Each structure stands twice: as C-alpha cells, then as structure tokens.
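To start, the structure itself, in structure tokens.
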Amino acid sequence: MIILFLNFIQQVTSVLNDAVRSAGFEVNDLELGPSQHADLSSRVAFRLASVAKQSPKDVADRIASEVVIPEGSYIGKVEALGPYLNISASRSFIDAIVSGIREKKESFGGNFCEGRILLEHTSANPNGPLHVGHIRNSIIGDTLGRILKRAGYNVELHYYVNDMGRQIAIVSWALEHFEFDESSKPDHAIADVYIKANAELETHPEKVAEIDRLMQLVESGDEETIERFDKAVGLAVAGIKETLGKMNVSHDEFPKESSFIRSGDVSRIVDEIKATGRTEIDNGALVVDLLDYGFEKTLVIQRSDGTSLYTTRDLAYHEWKGERADRIIDIFGADHKLISGQLKATLNAIGKKEPEFVIFEFVSLPEGSMSTRRGKFISADELFDQVKVRALEEVDKRRPEMPDDFKKQVADMVGIGAVRYDIVKVSPEKSTVFDWKEALDFEKQGGPFVQYSHARACSILRKAKDEGLWDSEAIIAPSLLVEDTEIALIKKMGMFDNVLDQCAKELKPHMLAIYGRELADAFNQFYRFVSVLNAEEEDVRASRLALVDCARIVLANTLDTLGMGAPESM
RNA sequence: GGGCCCGUGGCUUAGCCAGGAUAUAGCACCGGGCUUCUAACCCGGGGGUCGUGGGUUCAACUCCCACCGGGUCCGCCA
C-alpha cells in the first residue's frame, strides 16, 4: 500500500506536534491546510497566540526554531512566514512519488479503506427513458462508487426498481389502452403510452378507479396483474440499462420493490413500527409520529385501503441493505430530502442501520422543470446522440487522415466523457438549467482536455518506443527531474491519494473532476516547457520518459475513476 | 405560510461545514506563441461592492440574525 500525500501529512503532523511541545505549547489541532505558498501550511500560531501572550508571528518563529526533521523524511523544510508555518516537500518525497507510481501503476493511489458499502443510485421510475436530470444522479452515484472502490471499499451498486407504484400501474394500464410502438427503443415507447394515459386520466378522472384497482390487485398477489406490471417494467428497464451502458454506468443488482412485499418484509416492518407505539390511525391510514425527530407531520406508511406506499417498501429495503453492508449510501434528488429524513428517523426508531444521503439539486429546462408525465424532458439518449455528432465533427476537423472507425471510437469516448465531466464537476447542491449550446461546447477546459493530455502522454511514449528509446522497466534516476514544471507535475500526481481520500470521506465526487483538470494542466505545462525526446542527455531523457509514463498512469487512473475513457490517440 | 438548498467578474464555477497570507478556475474579450514530442495546447492582460443590511471576532466569501431573488418539499405520488 502506497499512500504518499497521506504519509506526508502524517509526518508533518508528528514533526510539528513535537516542535509545538518543545516550544512549550499544547495543541490538539495543527490546522493544516493547502496553501499557494507551500505544499502544506499550518495556522496553529494564530490559535496559540492568545495563550502565549505573544504575536502569532513570534509563536510561529518559536515553533519553527524547534522543528527537527528526521533523516529521509518527506518533509524538506518548515519555515515561518509571518504567522504561518509553511512546509515544503523533500527530494525524497518527490522521488518516492515517481517510484510509487511506477511500482503500483493502475492501482496507484488507493486501497487505504476497508468495509462493505451498499450504494444505491439512479433508481428512476420505469415509466420512460432516463432524462438529463436522472443522469446527474447516475453520474454522481457511479463516480462515487468508483471513488469508494479505489479507496479500498467493497462496493455493491444497486438500482432500486419501482415495479408496483401508482405510476407503474398507469404504465401497465396504458399498455392495454394505447398502441405500443415496437420499432422504438422500449423505454421511449413506454413514455409515449404513459404520457397519453396521463392525459386520458386527466380528462376522464373517473378512470382513476381502474388504476386503484390494479394497485390493490398487484399488492394482493394477483398473478395476471403482476405479469402485466412485470412486462411494462421489463420493457422500460431494458431501455434504461442500454442508456446506462452508453455512459459507462453499471449496477450489480436491480432489486424490486415488490420483492419486499412478497417476502413479507413490508408487513413485518410495519408491525415493528407499530410495536414502538408511535403509530396511529388517521382517516383510515396508518401513520407514524416522528415529532421528537423534528418532523411536524406524521408519516403515512399504509393507505386507508390497506396497500403499502413507496416509503413503506423503502423501509423494508433499507433494513435489508443494512444487514448486508457496513454503510448504506443513497443518491437522491432534492425532492427526496424530507422523505429521506423521515426514512432515516423511522429506521432509527426501530433500531436499524441508518443510511447516508447524497442529495443533489434539480436540473431544469429553460422553460421550467422536467416531467416524464407531461412529456417535458430531454432524454439522455438524445443528448448522447447530439454530443457524439458534435464530437465527430471535431475529430474529423482535427484528424481528417484517420480511418472512420477511429473517428467514431474517439468521438464516442470524448462525447460521453464531456457529458460526464460537465455534470460531475459541479457540486451537487447547485441547481442547474440544461442548455444545449453549453452541453455541446467542447471549447472549454473540460473532459476532452483531460483526455487529450492522456493521449499526448501516450503519443510521446509511442514515438519513443518506435525509436527504440523507451523501456517501461528501465531503472531511472528520479533525481534528474528538477525543472519547476516537472516538480509541480510530480507533486500534483502525489496528491491523487489525498484527493480520493477527501472525496470518499465527504462523498463529494466533484473534487476529483477539479483534480483531473489541474493534473492535466500540470502535464500540459511540463509538455510545453520541457523536451522529452529531444533531451540533451540520455539519462535525463530516460527519466523524463518515466515521468511521462507516470503522468499517463495517473491521468488514466483519474479518468477511470471518473468513468471516462482514456484515449491513446485523439 | 413553514422547512431545506442556492445567490462569487458578461456567463459557468472552486473555496464556506472545521474563519486567517493578494478570492479559484474555465468560457467569452484583448495581446503573444506551431520548420521543434498532437495548438482539443501554452504564456500574458483587462474585468469581482463574494445578493443586501446588521452582528460576532484581532481577522468574515466562510459563523449568527433579518431581508431580497431563484429552486425544492410540506400525509395516503415516487
């Protein structure tokens, strides 16, 4: 296990704690953080100043003068600059990063955590295709899953299939009343009849009773109704899986809501909740009182006709998840905020493991919010098609001499990469408005920029190999890498484990996207300022080629963790 | 009406939870760089009352209060 920057932080913590003690102070937080002026910076002097009755600057000087750096440390020096203690990396840290990457290759930067995590994401209702709002869920969830796996967790990914809610009853009903277009992608064809059915139910409210009837039948286990529901759900899910595959998203399991009814888990958990004495009958419905958890209103867990609700089935699902994993993580849209809080409180009330939530805000259209029911949405498939067409134009413009299958392959990789990057780079609590012009704009420093840097690194190595200059196993001297841009690139690569650690701890995948851009930036600056193949000395060239290989590896690892393709040429 | 989230240069955005060094990048704009490893690149420049008003603090984009603007949720939908 090689975890470079995390080791560096540990060493700094130990050395500074000793220095603080030697200077006669006591402190429990060194207030370490990143800085533009050093590799790591401590603001501890501010905190000690009042106790010491000295200025922060004097305290910093006093601590700095007590610093003892052990032989071979990753710490180069610690110096006080005003009130700050600035720590810089040592040469041995730089060398360790280069050898660490060469040793670990694609597994570099990970495996520092353990435990089982059950991560649920997307879980869109099977009443139509995924739209541009749903894929924010998919991309955040899938990226987080990749981050957690690389960090060392055993991660299982779930798509929870709603196969018995009101909306599915409507889909099933719709298939009986409207023509299903066999020639379309099935999820789109499902949306088509679902939209018609909703319009029909709106103009003929008396038909809603037929939907209620279907829901009662499916809950009571009526074989024929169950089969009809299954057929509808199967069609939509098949289309959804195809769309997920296009953007490199896959799930390990697709558990169905109905399975928790049939297993008896739902009725058992209702009994467990009843046993807490928190329930009461309100207008015929069974409700749970969660006032002591801060919820003003009660939570309905059973309709007055005795059928269960999404919430009830979700409680059973979460209980089941809790038995299989150490941590449960759900990716939910902002509309689920209240219900997820109630879910968590109810699980707590019956002594079950509570889930952690990643909540993301909505993606809307310029004309308003999206709605499958009203047919107001832009499907993910449509977005991918458009983006690939745009990407193909770009590849064609830049590499006209290449064969068509190369162009198509690169366009697909770049198109999907651009979409994934664009979505994951924005922090989830920001609501966004979908804009075609922006979605198809490749000029910005986004996904293709990171992929391009990887292709550049590959290109250098390919050329070196052709000329017989490159041996990936060659012993090289990292100490020959002394240029500013070389050092900056190495340090940036060394941050990979720390970034993964932060993302995994805070469940914030957007920070990895930012890192990817910074890493690509560092590589491009190195590329611009330092010749590799034309280096004067042979050993310097060998070291630089090894550095390019390191950059290729870390860029590829970053792209892989972001779920983006790493093209060797583009 | 109440709860939660957001409000940072023309546009998009990091930092905010764990307050401290000239507020981060990109797009757009202006200027420079391809006989040299792919210019989907690099270098430089202009542009910001960090929504508004108070408060806490030696120090506030960051914490507290009020207000304004946008989003979202508020029992038998999911």
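Numbered from 1 within each chain, the chains take letters A, B, ... in sequence-line order. Bear in mind the structure is a predicted one, so any value in this text is a computation, not a measurement.
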Open item on the list: Just to verify, which of A:D471, A:V540, A:L533 counts as forming a side chain to side chain contact (heavy atoms under 4.5 Å, CB included) with A:L545?
Closed with: A:L533

Open item on the list: Which residues pass the salt bridge (Lys or Arg N to Asp or Glu O under 4.0 Å) test with A:K207, not counting sequence neighbours?
Closed with: A:E200

- [ ] Could you tell me from which nucleotide to which nucleotide of RNA chain B, 5' to 3', there is an atom under 4.0 Å from chain A heavy atoms?
- [x] B:rC4 to B:rA78

Open item on the list: Suppose you measure atom P in B:rG70 against the same atom in B:rG32; what distance do you get, rounded to whole Å?
Closed with: 44 Å

Task: Contacts of A:R528 that satisfy salt bridge (Lys or Arg N to Asp or Glu O under 4.0 Å) - sequence neighbours left out - done: none

Open item on the list: Under the rule for salt bridge (Lys or Arg N to Asp or Glu O under 4.0 Å), what residues qualify as partners of A:K344, not counting sequence neighbours?
Closed with: none

Indicate every side-chain donor-acceptor pair of residues 456-468 of chain A with a distance under 3.5 Å to a residue at least two apart or in another chain.
unit_1, atom_1, unit_2, atom_2, d
A:R456, NH1, A:N524, OD1, 2.7
A:R462, NH1, A:E568, O, 3.1

Open item on the list: Suppose we screen for side chain to side chain contact (heavy atoms under 4.5 Å, CB included). Which residues come up paired with A:S55, at least two apart in sequence or across chains?
Closed with: A:K57, A:D58

Open item on the list: Please give the distance between the P atoms of B:rG20 and B:rC63 as a whole number of Å.
Closed with: 10 Å

Open item on the list: Need one value for A:T307: base, sugar-phosphate or nothing, where a base atom within 4.0 Å counts as base even if backbone is also close, heavy atoms only.
Closed with: nothing

Open item on the list: What contact category does A:L81 fall into here, base, sugar-phosphate, or nothing, at under 4.0 angstrom with non-hydrogen atoms?
Closed with: base

TODO: State the syn/anti category of B:rG15 according to its glycosidic angle, syn meaning within 90° of 0.
DONE: anti

- [ ] Could you tell me whether A:G82 contacts a base, only the sugar-phosphate backbone, or nothing, with contacts defined as non-hydrogen atoms closer than 4.0 Å?
- [x] nothing

Open item on the list: At 4.0 Å (heavy atoms only), tell me whether A:H336 reaches a base, stays on the sugar-phosphate, or touches nothing.
Closed with: base

Open item on the list: For A:Y317 and A:Y160, take the angle between the two ring planes, folded into 0 to 90°, and tell me which bin it lands in: parallel under 30, tilted 30 to 60, perpendicular over 60.
Closed with: parallel

Open item on the list: Among residues at least two apart in sequence or on other chains, which ones pass side-chain hydrogen bond (donor to acceptor under 3.5 Å, both in side chains) with A:R43?
Closed with: none

TODO: Pick base, sugar-phosphate or nothing for A:V414, based on heavy-atom distances below 4.0 Å to the nucleic acid.
DONE: base

Open item on the list: Let's see if you get this right: which residues in residues 45-55 of chain A place a heavy atom under 4.0 Å from RNA chain B?
Closed with: A:F46, A:R47

Task: Distance between P atoms of B:rC68 and B:rU22 (Å, rounded) - done: 36 Å

Task: Distance, P atom - from B:rU52 to B:rG10, rounded to whole angstrom - done: 13 Å

Task: Nearest-angstrom distance, P atom, B:rC64 to B:rG7 - done: 14 Å

TODO: Take A:F332 and A:F360, measure what ring-ring contact (aromatic ring centres under 6.0 Å, His included) needs, and give me the verdict at the end.
DONE: CA-CA 6 Å; A:F332 283 150; A:F360 67 95; 9.2 Å; no

TODO: Give one of base, sugar-phosphate or nothing for A:S569, where a contact means two heavy atoms less than 4.0 Å apart.
DONE: base

Open item on the list: When the C1' atoms of B:rG9 and B:rA14 are compared, how many Å lie between them, rounded to an integer?
Closed with: 15 Å

Under 3.5 Å donor-acceptor pairs involving side-chain atoms of residues 511-523 of chain A, not counting sequence neighbours:
unit_1, atom_1, unit_2, atom_2, d
A:Y515, OH, A:K492, O, 2.7
A:E518, OE1, A:K492, NZ, 3.0

Task: Pair assignment for B:rA25, Watson-Crick or G-U wobble, requiring both distances under 3.5 Å - done: B:rU12

Task: Any-strand Watson-Crick or G-U partner of B:rA66, both distances under 3.5 Å - done: B:rU52

Open item on the list: Over all strands shown, is A:N86 touching base, sugar-phosphate only, or nothing at heavy-atom distances under 4.0 angstrom?
Closed with: base

Task: Pairwise 5' ranking along RNA chain B for A:L338 and A:N162, keeping only the more 5' one - done: A:L338

TODO: Can you sort out the partners of A:R399 under salt bridge (Lys or Arg N to Asp or Glu O under 4.0 Å), two or more places apart, ordered by chain and number?
DONE: A:E401

- [ ] Indicate, with a heavy-atom threshold strictly under 4.0 Å, whether A:E506 touches base, sugar-phosphate, or nothing.
- [x] base

TODO: Could you tell me whether A:D29 contacts a base, only the sugar-phosphate backbone, or nothing, with contacts defined as non-hydrogen atoms closer than 4.0 Å?
DONE: nothing

TODO: Indicate, with a heavy-atom threshold strictly under 4.0 Å, whether A:R398 touches base, sugar-phosphate, or nothing.
DONE: base

Open item on the list: Over all strands shown, is A:A455 touching base, sugar-phosphate only, or nothing at heavy-atom distances under 4.0 angstrom?
Closed with: base

TODO: Assess whether salt bridge (charged side-chain N to carboxylate O under 4.0 Å, His left out) is satisfied between A:K407 and A:D396, documenting all intermediate values.
DONE: CA-CA 7 Å; A:K407 288 178 186 169; A:D396 200 40; 2.7 Å; yes

Open item on the list: Going by side-chain hydrogen bond (donor to acceptor under 3.5 Å, both in side chains), name the residues that satisfy it together with A:Q302, two or more places apart in sequence or in a different chain.
Closed with: none

TODO: For A:E401, answer base if it contacts any base atom (sugar-phosphate contacts may also be present), sugar-phosphate if it contacts only those atoms, and nothing otherwise; contact means non-hydrogen atoms under 4.0 Å.
DONE: nothing

- [ ] Name the nucleic acid region contacted by A:R517, choosing base, sugar-phosphate or nothing; use a 4.0 angstrom heavy-atom cut-off, strictly under.
- [x] sugar-phosphate

Open item on the list: Would you measure the distance from the C1' atom in B:rG51 across to the matching atom in B:rC61 and give it in whole Å?
Closed with: 12 Å

Open item on the list: Quick check: on RNA chain B, is the nucleotide nearest A:Y452 upstream (toward 5') of the one nearest A:P428, or the reverse? Name the residue that is more 5'.
Closed with: A:P428

TODO: Can you tell me, in whole Å, how much space there is between the P of B:rA25 and that of B:rG46?
DONE: 14 Å

Open item on the list: For a quick check of understanding: with a heavy-atom distance under 4.0 Å over all strands, which category does A:M511 fall into, base, sugar-phosphate or nothing?
Closed with: nothing

Task: Electrostatic pair A:R136-A:E361, nearest N-O below 4.0 angstrom - done: no

Task: Sorted by number, the residues of residues 521-537 of chain A with heavy-atom contact under 4.0 Å to RNA chain B - done: A:D521, A:N524, A:Q525, A:Y527, A:R528, A:V530, A:S531, A:V532, A:L533, A:N534

